[in-house]
Amino acid sequence: PGYSVAQVPVAEGKSVQQTVELLTRKLELLGAEKQGTFCVDCETYHTAASTISSQGQTGKLMYVMHNSEYPLSCFALFENGPCLIADANFDTLMVKLKGFFQNAKANKIESRGTRYQYCDFLVKVGTVTMGPSARGISVEVEYCPCVIANDCWNLLMEFMQSFMGNHTPGIPSVFGTRHDSIYSPADTMVQYMELFNKIRKQQQVPVAGIR
């Protein structure tokens, strides 16, 4: 299970990388230990012009995502829509579907960084990049023994406050209607998709503090 994926703003007067270092230093001071690296990436596909009917129907965006925690899977998500979990060959299928879905290559975005283990918590602090530049910071926290979000949300919040302070997120929107359901990898990917889209939108306005 993974529970919370949140964006952390860049510290005033610091770069993205310096802010990541501040966060990881806090984790290490708590006693968290490095456990390798992680990467989550997301490619955007839009409905090909040829398939949009002449009745002015709007095209849909589809996000094809990968997560190093699930190396044999590929996730295909529609905004506000279903999340399909497929095997890794799905990428090859997307090439064959290029008449229907076209890859908006300039929109590829990813988060990569270090995994930390602290007691029963797994924390992943990532630098979010689009093209060559760092655009933001993601923090994913999961409480490994528990698979029902509602059962451990307070515990998770308390732990996040210990190193994220007032940037601790609220309960993710993905849990809005289903507090008691069992957590699935798709829930993590939906949260990353929302975070990536938020960062993409922020980039349309110049942001002070990001070099």
Side-chain angles (χ1 to χ4, degrees), residues 1-7 35-53 57-115 122-142 144 147-149 172-178 181-203:
Y3 284 104
S4 171
V5 177
Q7 184 183 1
Q35 295 250 313
T37 57
F38 79 97
C39 178
V40 177
D41 67 57
C42 174
E43 295 199 61
T44 304
Y45 288 82
H46 54 82
T47 315
S50 57
T51 64
I52 298 174
S53 69
Q57 192 184 341
T58 54
K60 262 194 156 183
L61 291 178
M62 180 168 78
Y63 302 96
V64 176
M65 303 179 70
H66 305 90
N67 185 334
S68 54
E69 293 290 306
Y70 312 105
L72 301 178
S73 298
C74 179
F75 301 84
L77 298 89
F78 287 98
E79 228 169 340
N80 313 318
C83 172
L84 167 76
I85 303 179
D87 67 28
N89 294 339
F90 189 78
D91 291 310
T92 323
L93 178 65
M94 288 309 294
V95 174
K96 292 182 175 162
L97 290 177
K98 61 175 183 276
F100 301 96
F101 285 103
Q102 288 174 345
N103 189 336
K105 285 190 164 50
N107 264 344
K108 177 159 186 181
I109 188 167
E110 67 174 29
S111 178
R112 98 183 21 246
T114 309
R115 297 162 90 252
L122 183 61
V123 184
K124 297 172 203 163
V125 181
T127 301
V128 179
T129 53
M130 258 182 96
S133 55
R135 299 295 178 92
I137 300 153
S138 70
V139 175
E140 178 190 341
V141 183
E142 70 179 74
C144 303
V147 293
I148 294 175
S173 59
V174 75
F175 299 137
T177 50
R178 28 186 287 264
S181 59
I182 290 177
Y183 196 90
S184 88
D187 296 324
T188 298
M189 301 313 281
V190 167
Q191 289 185 69
Y192 269 107
M193 178 189 76
E194 288 172 352
L195 178 135
F196 287 160
N197 281 342
K198 195 168 131 195
I199 287 175
R200 272 197 201 98
K201 286 177 184 129
Q202 285 168 350
Q203 293 316 307

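Just so it is clear, the structure is predicted and the values come from calculations on it, not from any experiment.
Pairs passing the side-chain hydrogen bond (donor to acceptor under 3.5 Å, both in side chains) check and including a residue from residues 82-100, sequence neighbours excluded, read His66-Asp91. Within the structure, salt bridge (Lys or Arg N to Asp or Glu O under 4.0 Å) pairs that include any residue of residues 100-111 comprise Glu110-Arg112 (at least two apart or interchain). Applying the salt bridge (Lys or Arg N to Asp or Glu O under 4.0 Å) rule to pairs touching residues 65-76 yields Glu69-Arg115, Glu69-Lys124, sequence neighbours excluded.
Residues that satisfy the side chain to side chain contact (heavy atoms under 4.5 Å, CB included) test with Thr127, not counting sequence neighbours, are Val16, Gln17, Val20, Thr129, Ala134. Thr44 meets the side chain to side chain donor-acceptor pair (under 3.5 Å) test with Arg200; sequence neighbours excluded. Contacts of Gln7 classified as side chain to side chain contact (heavy atoms under 4.5 Å, CB included), with partners at least two apart in sequence or in another chain: Leu195, Lys198, Ile199, Gln202. Taking Asn67 as the reference, nothing meets the side chain to side chain donor-acceptor pair (under 3.5 Å) condition, with sequence neighbours excluded.
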>> Before you tell me yes or no, could you show the steps for Leu122 and Val141 under side chain to side chain contact (heavy atoms under 4.5 Å, CB included), namely the whole-Å CA-CA distance, both residues' side-chain angles and the distance that decides it to 0.1 Å?
In response: CA-CA 6 Å; Leu122 183 61; Val141 183; over 6 Å; no
> Going through the checks in order, is the side chain to side chain contact (heavy atoms under 4.5 Å, CB included) test met by Phe101 and Met94?
Replying inline: CA-CA 7 Å; Phe101 285 103; Met94 288 309 294; 3.8 Å; yes
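The closest side-chain heavy-atom distance from Val139 to Val123 is below 4.5 Å. No side-chain heavy atom of Ile109 sits less than 4.5 Å from a side-chain heavy atom of Arg135. Residues Phe90 and Val64 form a side-chain contact, since some pair of their non-hydrogen atoms from C-beta on lies under 4.5 Å apart. Side-chain contact between Met189 and Tyr63 is absent, with no heavy-atom pair separated by less than 4.5 Å.
Scanning both residues, Ala106 and Met130, for their nearest heavy atoms gives O-CE, 3.8 Å. Closest non-hydrogen pair, Leu77 versus Cys83, comes out as CG-SG, 3.7 Å. The minimum heavy-atom distance between Pro71 and Ser68, with the atom names listed, is CD-O, 3.5 Å. For the pair Val40 and Phe196, the tightest heavy-atom approach, listed with the atom from each and the gap, is O-CZ, 3.9 Å. What you find for Phe78 and Leu61 is that their closest heavy atoms are CD2-O, 3.4 Å. Listed here is the closest heavy atom pair of Ser138 and Ser111: OG-OG, 2.8 Å.
Between atom CG of residue Leu97 and atom CG of residue Asn103 there is a gap of 12.5 Å, rounded to the nearest 0.5 Å. Atom CZ in Phe75 sits 13.0 Å away from atom CE in Met193 (nearest 0.5 Å). In this structure, Asp187 CG and Ser4 OG are separated by 12.0 Å, a value rounded to the nearest 0.5 Å.
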